[in-house]
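This report concerns only the one structure given below.
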Amino acid sequence: MLLRMSSLFLRTLRDDPADAEVPSHKLLVRAGYVRRVAPGIYSWLPLGMHVLKNVESIVRDEMNKMGGQEVLFPALLPREYYEATGRWTEYGDTLFRLKDRKGADYLLGPTHEELFADMVKGEYSSYKDYPVTLYQIQTKYRDEARPRAGILRGREFLMKDSYSFDLDDDGLKRSYEQHREAYIKTFDRLGIRYKIVFATSGAMGGSASEEFLAPTPTGEDTFVACHSCGYAANAEAVTTPAPAARPVAGAGAQQVLDTPDTPTIETLVDHVNTVHGLSITAADTLKNIVVKITTPGSDKVETLIVGIPGDREVDFKRLEAALAPGEPAIFEAEDFAKHPGLVRGYIGPQVLKDLGIRYLVDPRVVTGTAWVTGANEPGKHAVNVVAGRDFTPDGTIEAAEVRAGDACPRCGSELSIDRGIEIGHIFQLGRKYADAAGLDALGPDGKPIRITMGSYGIGVSRAVAVIAEQAHDQLGLVWPREVAPADVHIVGTGKENQIEVALQLAEELTAKGLRVLVDDRAGVSPGVKFKDAELLGLPTILVVGRGLSTGVVELRDRASGTKEEIPLAEATDRILAACS
RNA sequence: CGGGGCGUGGCGCAGCUUGGUAGCGCGCUUGCUUUGGGAGCAAGAAGUCGCAGGUUCAAAUCCUGUCGCCCCGACCA
């Protein structure tokens, strides 16, 4: 492959685009890889296209190696498939909907579980046919409330999604493991630094689920990691280790204190310490948050109270994940009006049994622990309220915020917190979609076997942005070789026969199988060419310039910045060696 | 949906307070010079100032409305 800058459809920009915030967005636009068309929607120019295709072919290669078979579904889909699983309504505003000329409802596919399940049902009917794994690399559409960060999170994006179909849970586990291995190989080849973390399976149902997160400051997922045992989990999936229960017998007697004007934890702690002579911290208090929960497809509204240590905030994402598919909402003043038993700011769990309200607590609230909490009267709090004696929770819930330094649920060491971008997600779906499609295989005994599915995704276009996000410096992009638009960038600086020699070298290297970009532009100053070479970010740069008069050219490594003068005669071999 | 900001040649921006001939840098075209770090000189092309209405002798500028975009948050298999 040989690209000539003199005719390449490319214009680099000297300034950052005004609408770009994150490095990948700025650089991909400046270097002429992509251009914005509409919010969250981008065009790919020739150089960007090469990178996208390279990423895509690595993903395809690894999928084929693990035995996946490629198919392609339409992006434009009729409503019926999503009606069957309820997702036409459940997916909400994120679904791109449209009508055809007859007024029939269509959508642009955000993900294709329904279609895959239906296709397998149409073709396969015997247990002898299974297992099977199918995948596609297709443009997906999601009408995100707020697309951002360039192609890192667009409304149109390229995604590889695959689905495994197995007869039983063991088979599903094997398919899941195969995908996990394939993903590791894929992301390693892409040169992406990533972390595999436990994830919640959320409303999709199913059990085991892991995300591949690329740690970057611009990431929108929060995850914890333990550097001692290797445990890592999405913040929504972190479990809190519970301390050992204590005997209730030794606890002091419950006592109600006057605590006027102490609706917040801070004022409460201050008040009881200065006025009542206690010495407590916010962590000794138990704060109780009221939420109302609605469930999609149901009119029922449940009231729930969540008790967490007073030094922590409620993490709404964790709360939602814990209650899925239920959707929690904040209890408003009007809701309190309907529940006279709940005294806003002074709620304690002592009376919840009588009120018939479900009460879930943070795992740290174990039997025998004593708390300072509301006394269910305005201006009064109770101390020595002991779990298992003065109240009995209905269960535990992971709703409190996670902090750096919290104990690892596996080994007890300190957890660290980082942000990352989701680049892959694997999970064991189970039978939700097979149930909806009625996907059965006829077993050896003549009875139907309900198929169990796994679902696995890789954001292909997002991976391009993630690589740019992780691999760049002040000067520009620094592509890993396998995804770079070409192996080597040859700069002919323009005096005498320099461009001529550069083109000759380019031909030679192309003949040897290298992918070459040669800057053969006439009348462009060397400075411009160097800047462009650094901005475009090919891994190897060869300068055919002033040294040519003494028979040498300059070999540069983009990533390390090292430069070396080498004899022209050795250039081909040296570049081949550098690119291998 | 809440908060903030911005719409002026292809890109990045100034001009708006105080109404009066639309400007700068980059890029582009032509010529000459230049050629190892985003060259110099000269001459050019290119803009319904987001849109609509209003005030005025006169609106990029003031008023009203409207549309769009960006950022933060909410939201997001």
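- When the side-chain nitrogen and oxygen atoms of A/Arg36 are compared with OP1 and OP2 of B/C70, one or more of them lie within a distance under 4.0 Å.
- Distance noted for atom P between B/G27 and B/C41: 13 Å (whole Å).
- Between the C1' atom of B/C76 and the CG atom of A/Leu95 lies a distance of 13 Å, rounded to the nearest Å.
- Using Watson-Crick or G-U wobble geometry with both donor-acceptor distances under 3.5 Å, B/A60 finds no partner in any strand shown.
- Contact annotation for A/Lys140: no contact, since no heavy-atom pair falls under 4.0 Å across all strands.
- Salt-bridge check for A/Asp161 with A/Lys140: passed, with a basic side-chain N closer than 4.0 Å to an acidic carboxylate O.
- Counting any heavy atom pair closer than 4.0 Å across all strands shown, A/Arg462 reaches no nucleic acid atom.
- Between A/Phe212 and A/Phe187, the ring centre distance stays below 6.0 Å.
- Within residues 517-531 of chain A, the residues that have a heavy atom under 4.0 Å from RNA chain B are, in order of number, A/Val524, A/Ser525, A/Pro526, A/Gly527, A/Val528, A/Phe530, A/Lys531.
- Taking the six-membered ring where the residue is Trp, A/His179 and A/Tyr456 present parallel rings, their angle staying beneath 30° rather than reaching 60°.
- Atom name C1', nucleotides B/A22 and B/C49: the rounded distance is 8 Å, in whole Å.
- Rounded to whole Å, the separation between the C1' atoms of B/G9 and B/G5 comes to 24 Å.
- Among B/C70, B/G36, B/A74, the nucleotide with an atom closest to any side-chain atom of A/Lys495 is B/G36.
- In this entry B/A14 has no Watson-Crick or G-U wobble partner, no candidate having both defining distances under 3.5 Å.
- A salt bridge links A/Arg450 with A/Asp435: at least one charged nitrogen is closer than 4.0 Å to a carboxylate oxygen.
- B/G7 is paired with B/C67 under the criterion used here, namely a Watson-Crick or G-U wobble arrangement in which both key atom distances are under 3.5 Å.
- With a cut-off of 3.5 Å on both pairing distances, B/U35 has no Watson-Crick or G-U wobble partner at all.
- B/G23 and B/A46 have their P atoms separated by 13 Å, given to the nearest Å.
- In this structure, A/Asp161 reaches neither bases nor backbone, as no heavy-atom distance under 4.0 Å exists between it and the strands shown.
- Side-chain contact, A/Tyr183 with A/His425: no donor N or O sits under 3.5 Å from an acceptor N or O.
- If you check B/A42 for Watson-Crick or wobble pairing at under 3.5 angstrom, you find it paired to B/U30.
- Across all strands shown, B/U55 forms no Watson-Crick or G-U wobble pair with both key distances under 3.5 Å.
- Comparing B/C6 with B/C62, their P atoms are spaced 13 Å from each other, to the whole Å.
- With distances taken from any side-chain atom of A/Glu534 to the nucleotides B/C75, B/G37, B/C70, the minimum falls on B/G37.
- Between A/Arg11 atom CZ and B/G10 atom P the separation is 15 Å, expressed in whole Å.
- Among the heavy atoms of the strands, none lies under 4.0 Å from A/Arg35.
- Protein atom CG of A/Asp15 is 17 Å distant from nucleotide atom P of B/C24, rounded to whole Å.
- One interatomic measurement links the two molecules: CD of A/Glu21 to C1' of B/G73, which rounds to 15 Å at whole-angstrom precision.
- Between A/Asp16 atom CG and B/C26 atom P there is a gap of 17 Å when expressed in whole angstrom units.
- Spacing of P atoms, B/C72 relative to B/U30, comes out at 42 Å, to the nearest Å.
- Remark on RNA chain B: of its neighbouring residues A/Gly494 and A/Pro17, the 5'-side contact belongs to A/Pro17, judged by nearest-heavy-atom nucleotide.
- One P atom belongs to B/G73, the other to B/U66, and the distance between them is 28 Å to the nearest Å.
- Salt-bridge formation is not detected for the pair A/Asp15/A/Lys26: no Lys NZ or Arg NE/NH1/NH2 atom is positioned less than 4.0 Å from an Asp or Glu carboxylate oxygen.
- Taking each heavy atom of A/Pro131 and A/Asp166 in turn, the nearest pair found is CB-OD1, 3.1 Å.
- In summary, A/Arg318 and A/Glu398 engage in a salt bridge, as defined by a charged side-chain N under 4.0 Å from a carboxylate O.
- The phosphate of B/C71 (OP1 or OP2) has a side-chain N or O of A/Arg146 nearer than 4.0 angstrom.
- Which of B/G12, B/C70, B/G73 sits closest to the side chain of A/Ala18 comes down to B/G12.
- Straight-line distance from the NE2 atom of A/His25 to the C1' atom of B/G12: 15 Å, rounded to whole Å.
- Not a single donor-acceptor pair under 3.5 Å links the side chain of A/Gln428 to the backbone N or O of A/Tyr176.
- Per the geometry, CZ belonging to A/Arg153 stands 10 Å off P belonging to B/C76, to the nearest Å.
- Taking atom OH of residue A/Tyr141 and atom C1' of nucleotide B/C76, one finds them 19 Å apart after rounding to whole Å.
- Aromatic pair A/Tyr433/A/His112: centroids not less than 6.0 angstrom apart.
- When the P atom is used for both B/A52 and B/A60, the distance is 13 Å, rounded to whole Å.
- Taking the side chain of A/Leu13 as heavy atoms from C-beta on, and the options B/C70, B/G37, B/C11, the nearest nucleotide is B/C11.
- With B/C70, B/G37, B/C71 as the candidates, the nucleotide lying closest to the side chain of A/Arg148 is B/C71.
- Nucleic acid contact class of A/Gly545 (heavy atoms, under 4.0 Å, all strands): base.
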